[in-house]
S.K.: 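Before anything else, here's the structure in question.
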Amino acid sequence: MTMKPETPLLDTVHDPADLRRFSTAQLEQLAHEVRAEMIDIVSHTGGHLSAGLGVVELTVALHHVFNTPDDRLIWDVGHQSYPHKILTGRRERMRSLRQGGGISGFTLRGESPYDPFGAGHSSTSISAGLGMAAAAELVGDDRAVIAVIGDGSMSAGMAFEAMNNAGAMRSRLIVVLNDNDMSIAPPVGAMSAYLSRLLSSKSWLSIRDLAKEVASHLPPPLERTARRAEEYARSFVTGGGTLFEELGFYYVGPIDGHRMDHLVPVMRNVRDGRRDGPVLIHVVTRKGKGYAPAEAAPDKYHGVSRFNVVTGVQDKGKSQAPAYTSVFGKALLAEATRDPRICAITAAMPSGTGLDRFATTFPDRYFDVGIAEQHAVTFAAGLASEGLRPFVAMYSTFLQRAFDQVVHDVALQNLPVRLAIDRAGFVGADGATHGGVFDLAFLGCIPNMVIGCPADEAELVRMVATAAVYDQGPLALRYPRGEGVGVEIPEVPEPLPIGKGRVVREGKSVALLALGTRLADCLAAADLLAARGLSATVADARFAKPFDEELIERLARSHEVLVIVEEGSVGGFGSIVLTWMANRGLMDGGLKTRLLCIPDRFFEHDKAERQCALAGIDTQAIIDAVLGCLNLTDQTGEAQA
Ligand SMILES: Cc1ncc(C[n+]2csc(CCOP(=O)(O)OP(=O)(O)O)c2C)c(N)n1
Ligand SMILES: CC(=O)[C@@H](O)[C@H](O)COP(=O)(O)O
Ligand SMILES: [Mg+2]
């Protein structure tokens, strides 16, 4: 006789209401199944792995205790929200994670009512939650608002600003601090050290016992005696007020974040207890929990490509060329070997920005400031003001945080801070939150700023050499996510003349002016145009600012068509060039001009090549633009716009 297999509990959970009736044992079983499901999904799709694995029990407990989506549950960053998505009606669609048209890798308001606030960038959850709590109070709603934030994200200024405000406002906000003692890399800074000290308290067991006691003896709402007991336990744990209490929070913890029998009663207690003022629940978890390779190396499994579940080996694909990130890292290391004034700064992304080797080779000149982009830039300004040569290596999307610092602390004082802007342009699967599409527009308008845009990895190395010796003011380099084009990299790179472009191919009637890595598509388009009898000049602008006026004037005066191509938003390089050309009268004589840049809308997750096609900045779009200018047709016989 064959035994009928038990239906997995997860199959019975279509939305969180289904798990509210579960016993603690069932919740534990459910967590087990969610974890297995998540590992299986991410092994096929790639994505953020170790953060989500660490919050499986926490996610189950939160949805069990709180009445989501009416109670608002906010995930900071959102990279750990996969278990939440699996439990909130998106389990099947998770198989399309981070693919075009599929589920986002972060929380997204438009995706589900269970995502009350979208994210991708860190440390926004407490501010957003406080706003929601204030809104609930204003309209007389009794709903709970819960913000889950990691220890790494807690290091950012915005989290402190929000706590400072929350402590004074006395709103009923619940902050869950998910402390796994990891950022992407090991966490840095005094806050991290403080949390470690808090956790090394000998009274850890006492609070766990208390949680059990609350679970077995305390019917909601919280009894006064129990509240006294809990308050006693709190002060016993910390030996007095914690930092959070000093900021006006009611501190509960630390709690073992993988014990359902601890999490559920404490959450219930908080739900039904105090109504005046914010509460912080300090939950301790393990990043990568339940998947041995991720537990052993949570940084390597923070963001993964597809992988083999049994071996843990990730499918990195085969590439002929090195990634821009590692080319930059090596080039900067070489410059720093020659010049002891060179320093490197990261905001919590040492490996993502290629600074990991710099960190071990020159630890004195390397600074990981935590998730603190604003501080990183002004800190670099301070170094530069004392004659050092700082490179701030940061993703384009995160530099958005530090716009005022770049304007006020760097450019206004004309300080030679070097911004090494990685992930410039489309980034693919991380989608709109991480797209590096605005830097040309927001840096291009700042006086004193030099912006170099290497077209390939050899150009990047030359530009790092250029930046290393350029002390006249701020300089930014922008380069994309992913691999270069496979060109030879110079051993001893020569600095480039600032503001000078180059002609890569001479042609006759059509001029293609490329910025940065769009050069490859311009060259490919020129080949295809040549096959149609159209001879195209291809120029590499090299610098978005100052741009090469002489070169552009020559292209404009000696061609019938000029197409400018950049992987940046409207308002960037091309917009500035076209304004200059119009004012100089270069378009008065009938020059046909087109600007191919990223249109005025957000682009969701997809393959980066597809994002370029959708934005109209790829090879085909260049051909179409040229044919449109000349009133010719494409292969399908359709006239181009
Ligand atoms: C403003 C900003 N800077 C940097 C990042 C990149 N980033 C994503 S997750 C992460 C680490 C967050 O650590 P933590 O909050 O402790 O979450 P964990 O991954 O440990 O769960 C970083 C630095 C980001 N998303 N937003
Ligand atoms: C969530 C987050 O912000 C990072 O983990 C980011 O997704 C990393 O991007 P890369 O994969 O391009 O390094
Ligand atoms: Mg963490």
Side-chain angles (χ1 to χ4, degrees), residues 46-56 58-59 75-83 98 104-107 119-126 147-159 175-189 191-192 195-196 257 283-289 294 298-305 314 316 323-326 346-354 356 368-376 393-402 422-436 479-482 605 608:
H48 288 98
L49 183 65
S50 48
L53 290 178
V55 295
V56 172
L58 178 61
T59 308
W75 295 96
D76 203 274
V77 185
H79 66 313
Q80 75 294 62
S81 65
Y82 300 180
R98 289 158 52 94
S104 163
F106 303 106
T107 51
H121 289 201
S122 83
S123 319
T124 60
S125 61
I126 306 179
V148 184
I149 181 166
D151 53 317
S153 300
M154 194 60 122
S155 73
M158 206 176 154
V175 174
V176 177
L177 170 59
N178 171 37
D179 186 355
N180 56 19
D181 199 25
M182 277 301 281
S183 188
I184 292 181
V188 294
M191 179 69 174
S192 169
L195 291 177
S196 300
V283 174
V284 180
T285 60
R286 178 154 191 169
K287 199 163 173 173
K289 175 77 177 174
D299 47 351
K300 295 207 169 47
Y301 288 82
H302 173 86
V304 294
S305 43
Q314 295 181 40
K316 297 275 186 200
Y324 283 101
T325 300
S326 75
T346 177
M349 310 285 288
S351 62
T353 56
D356 29 13
D368 181 348
V369 299
I371 306 181
E373 288 81 6
Q374 297 171 307
H375 163 65
M394 195 175 281
Y395 290 11
S396 169
T397 189
F398 302 139
L399 183 63
Q400 289 166 195
R401 284 256 162 118
D422 202 326
R423 309 309 195 262
F426 286 123
V427 296
D430 268 348
T433 54
H434 285 59
Y479 42 94
R481 188 178 200 277
H605 46 280

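Order of listing sets the numbers, starting from 1, for every ligand and every atom in it. Excluded from the calculations below are hydrogen atoms, water molecules and symmetry mates; all remaining heavy atoms, backbone and side chain alike, are included.
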S.K.: I'd like to know if the side chain of S50 and the backbone of P298 have a donor-acceptor N/O pair within less than 3.5 Å.
M.R.: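 Confirmed, S50 side chain pairs with P298 backbone.
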S.K.: Using a 4.5 Å cut-off on heavy atoms from C-beta on, say whether the side chain of R423 contacts that of T397.
M.R.: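 Side chain of T397 against side chain of R423, heavy atoms only: no contact under 4.5 Å found.
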S.K.: Got the closest protein heavy atom to atom 21 (O) of ligand 1, with its distance?
M.R.: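 Here the nearest protein heavy atom works out to N180 ND2, 3.3 Å.
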S.K.: Does this structure show an ion pair linking R286 with D181, if we count only N-O contacts that are shorter than 4.0 Å?
M.R.: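 No, no charged N to carboxylate O under 4.0 Å.
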S.K.: Does H121 have a heavy atom less than 4.0 Å from any atom of ligand 2?
M.R.: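 No, H121 has no heavy atoms under 4.0 Å from ligand 2.
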S.K.: Counting from 1, what ligand 1 atoms have a heavy atom of A51 closer than 4.0 Å?
M.R.: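 Close to A51: 19 (O), 21 (O).
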S.K.: Considering heavy atoms of the protein only, find what lies nearest to atom 16 (O) of ligand 1 and give residue, atom and distance to 0.1 Å.
M.R.: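 Going by distance alone, atom 16 (O) of ligand 1 is nearest to G152 N, 2.7 Å.
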S.K.: Measure the spacing between CD of E373 and CD of Q400 and express it to the nearest 0.5 Å.
M.R.: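 The CD atom of Q400 is 10.0 Å from CD of E373, to the nearest 0.5 Å.
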S.K.: From N180, does some N, O or S atom reach closer than 2.8 Å to the Mg ion (ligand 3)?
M.R.: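 Coordinating: yes.
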S.K.: Once rounded to 10 degrees, what value does the angle at the Mg ion (ligand 3) take between OD1 (D151) and O (M182)?
M.R.: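 My answer is 100°, to the nearest 10°.
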S.K.: Side chain, backbone, both or neither: which part of Q80 comes within less than 4.0 Å of ligand 1 when only heavy atoms are counted?
M.R.: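 Answer for Q80: neither.
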S.K.: Can you tell me the protein heavy atom closest to atom 4 (C) of ligand 2 and the distance?
M.R.: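 Its nearest protein heavy-atom neighbour is H48 NE2, 3.7 Å.
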S.K.: Could you tell me, atom by atom, which parts of ligand 1 come under 4.0 Å of a heavy atom of H79?
M.R.: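 Selected atoms, number and element: 9 (S), 17 (O), 18 (P), 19 (O), 21 (O).
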S.K.: H48 near ligand 1, heavy-atom distance under 4.0 Å?
M.R.: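 H48: no contact with ligand 1 (<4.0 Å).
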S.K.: Atom CZ of F398 and atom OG1 of T346: how far apart are they, to the nearest 0.5 Å?
M.R.: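 Result: 10.5 Å between the selected atoms.
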S.K.: Measure the CG-CG distance between D151 and L177 for me, rounded to the nearest 0.5 Å.
M.R.: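 With rounding to 0.5 Å, CG (D151) is 6.5 Å from CG (L177).
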S.K.: Could you tell me how the ring of H79 sits relative to the ring of H48: parallel (under 30°), tilted (30 to 60°) or perpendicular (over 60°)?
M.R.: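 Perpendicular.
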S.K.: With heavy-atom distances below 4.5 Å as the criterion, would you say the side chains of H302 and K287 are in contact?
M.R.: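 In short, these two side chains touch, coming nearer than 4.5 Å.
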S.K.: Considering only non-hydrogen protein atoms, determine which one is nearest to atom 10 (C) of ligand 1 and report residue, atom name and distance to 0.1 Å.
M.R.: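 Nearest protein contact, heavy atoms only, for atom 10 (C) of ligand 1 is I184 CG1, 3.5 Å.
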S.K.: State whether the side chain of D368 and the backbone N or O of A348 hold a donor-acceptor pair below 3.5 Å, judged by distance alone.
M.R.: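 Yes.
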S.K.: When rounded to the nearest 0.5 angstrom, what distance separates OG1 in T285 from CD in Q80?
M.R.: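 Reported to 0.5 Å precision, the distance equals 10.0 Å.
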S.K.: Carefully, step by step, assess T325 and D422 under the rule side chain to side chain donor-acceptor pair (under 3.5 Å).
M.R.: CA-CA 7 Å; T325 300; D422 202 326; 2.7 Å; yes
S.K.: Within the side chain of S153, is there an N or O that forms a donor-acceptor pair under 3.5 Å with the backbone of I149?
M.R.: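 Not at all, since once roles are kept as given, no pair shorter than 3.5 Å links the two residues.
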S.K.: For S104 and F106, indicate whether the former's side chain and the latter's backbone hold a donor-acceptor pair under 3.5 Å.
M.R.: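 Between the backbone of F106 and the side chain of S104 there is a qualifying donor-acceptor contact (under 3.5 Å).
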S.K.: Measure the spacing between OG of S396 and CZ of R481 and express it to the nearest 0.5 Å.
M.R.: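 Spacing of OG (S396) from CZ (R481) equals 13.5 Å.
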S.K.: Give the atom numbers and elements of ligand 1 that come within less than 4.0 Å of a heavy atom of S122.
M.R.: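 Numbered from 1, ligand 1 contributes 1 (C), 2 (C), 24 (C), 25 (N), 26 (N).
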S.K.: Using a 4.0 Å cut-off to any heavy atom of M349, which atoms of ligand 1 qualify?
M.R.: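 Contacts of ligand 1 toward M349, numbered from 1: 6 (C), 23 (C).
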S.K.: In terms of atom number and element, which parts of ligand 1 are under 4.0 angstrom from non-hydrogen atoms of E373?
M.R.: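 With E373 as reference, the close atoms of ligand 1 come out as 1 (C), 2 (C), 3 (N), 4 (C).
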S.K.: Could a heavy atom of V427 be found less than 4.0 Å from some atom of ligand 2?
M.R.: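 Under 4.0 Å: no for V427.
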S.K.: With side chain to side chain contact (heavy atoms under 4.5 Å, CB included) as the test, pick out the partner of V148 among V176, D76, V283.
M.R.: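 Among the candidates, only V176 passes.
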S.K.: Could you grab the distance from atom CZ of R401 to atom CD of Q374, nearest 0.5 Å is fine?
M.R.: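 So the gap between those two atoms works out to 7.5 Å.
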S.K.: Give the residue, atom name and distance (to 0.1 Å) of the protein heavy atom nearest atom 11 (O) of ligand 2.
M.R.: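 Its nearest protein heavy-atom neighbour is R481 NH2, 2.9 Å.
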S.K.: For G120 and ligand 1, answer yes if some heavy atom of the residue is under 4.0 Å from a ligand atom, otherwise no.
M.R.: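 The answer is yes, since G120 has a heavy atom less than 4.0 Å from ligand 1.
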S.K.: Using a plain distance cutoff, I'd like to know if K287 has any nitrogen or oxygen under 3.5 Å from a nitrogen or oxygen of ligand 1.
M.R.: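 Looking only at distances, the answer is yes, because the N/O contact criterion of under 3.5 Å is met.
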S.K.: Using a heavy-atom cut-off of under 4.0 Å, does the side chain or the backbone of I371 touch ligand 1, or both, or neither?
M.R.: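 Contact part for I371 vs ligand 1: side chain (C-beta onward).
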S.K.: Looking only at protein heavy atoms, which one is nearest to atom 11 (C) of ligand 1, and what is the separation?
M.R.: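 Going by distance alone, atom 11 (C) of ligand 1 is nearest to S183 OG, 3.3 Å.
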S.K.: May I ask you to check if ligand 2 and H434 share an N or O to N or O distance below 3.5 Å?
M.R.: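 Min N/O separation from ligand 2 is below 3.5 Å for H434.
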S.K.: Against heavy atoms of G150, which atoms of ligand 1 measure under 4.0 Å?
M.R.: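 Within the 4.0 Å cut-off of G150, ligand 1 contributes 14 (P), 15 (O), 16 (O).
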S.K.: With a cut-off of 4.0 Å, which atoms of ligand 1 are near a heavy atom of R401?
M.R.: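 Reading through ligand 1 atom by atom, the close ones are 1 (C).
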S.K.: Suppose we measure from atom 13 (O) of ligand 2 to each protein heavy atom; which comes out shortest, and what is that distance?
M.R.: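 Ranking protein heavy atoms by distance from atom 13 (O) of ligand 2, first comes Y395 OH, 2.6 Å.
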S.K.: Students should be able to answer this: which protein heavy-atom is nearest to atom 5 (C) of ligand 1, and at what distance?
M.R.: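 Result for atom 5 (C) of ligand 1: F398 CZ, 3.3 Å.
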S.K.: Return the option from H302, H79, R98 holding the heavy atom at the smallest distance from atom 5 (O) of ligand 2.
M.R.: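 Comparing heavy atoms across H302, H79, R98, the nearest one to atom 5 (O) of ligand 2 lies in H302.
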S.K.: Atom 15 (O) of ligand 1: which protein heavy atom is closest, and how many Å away?
M.R.: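 For atom 15 (O) of ligand 1, the nearest protein heavy atom comes out as S153 OG, 2.6 Å.
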S.K.: Name the closest protein heavy atom to atom 7 (O) of ligand 2, giving the residue it belongs to and the distance to 0.1 Å.
M.R.: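 In this structure, atom 7 (O) of ligand 2 has D430 OD2, 2.5 Å as its nearest protein heavy atom.
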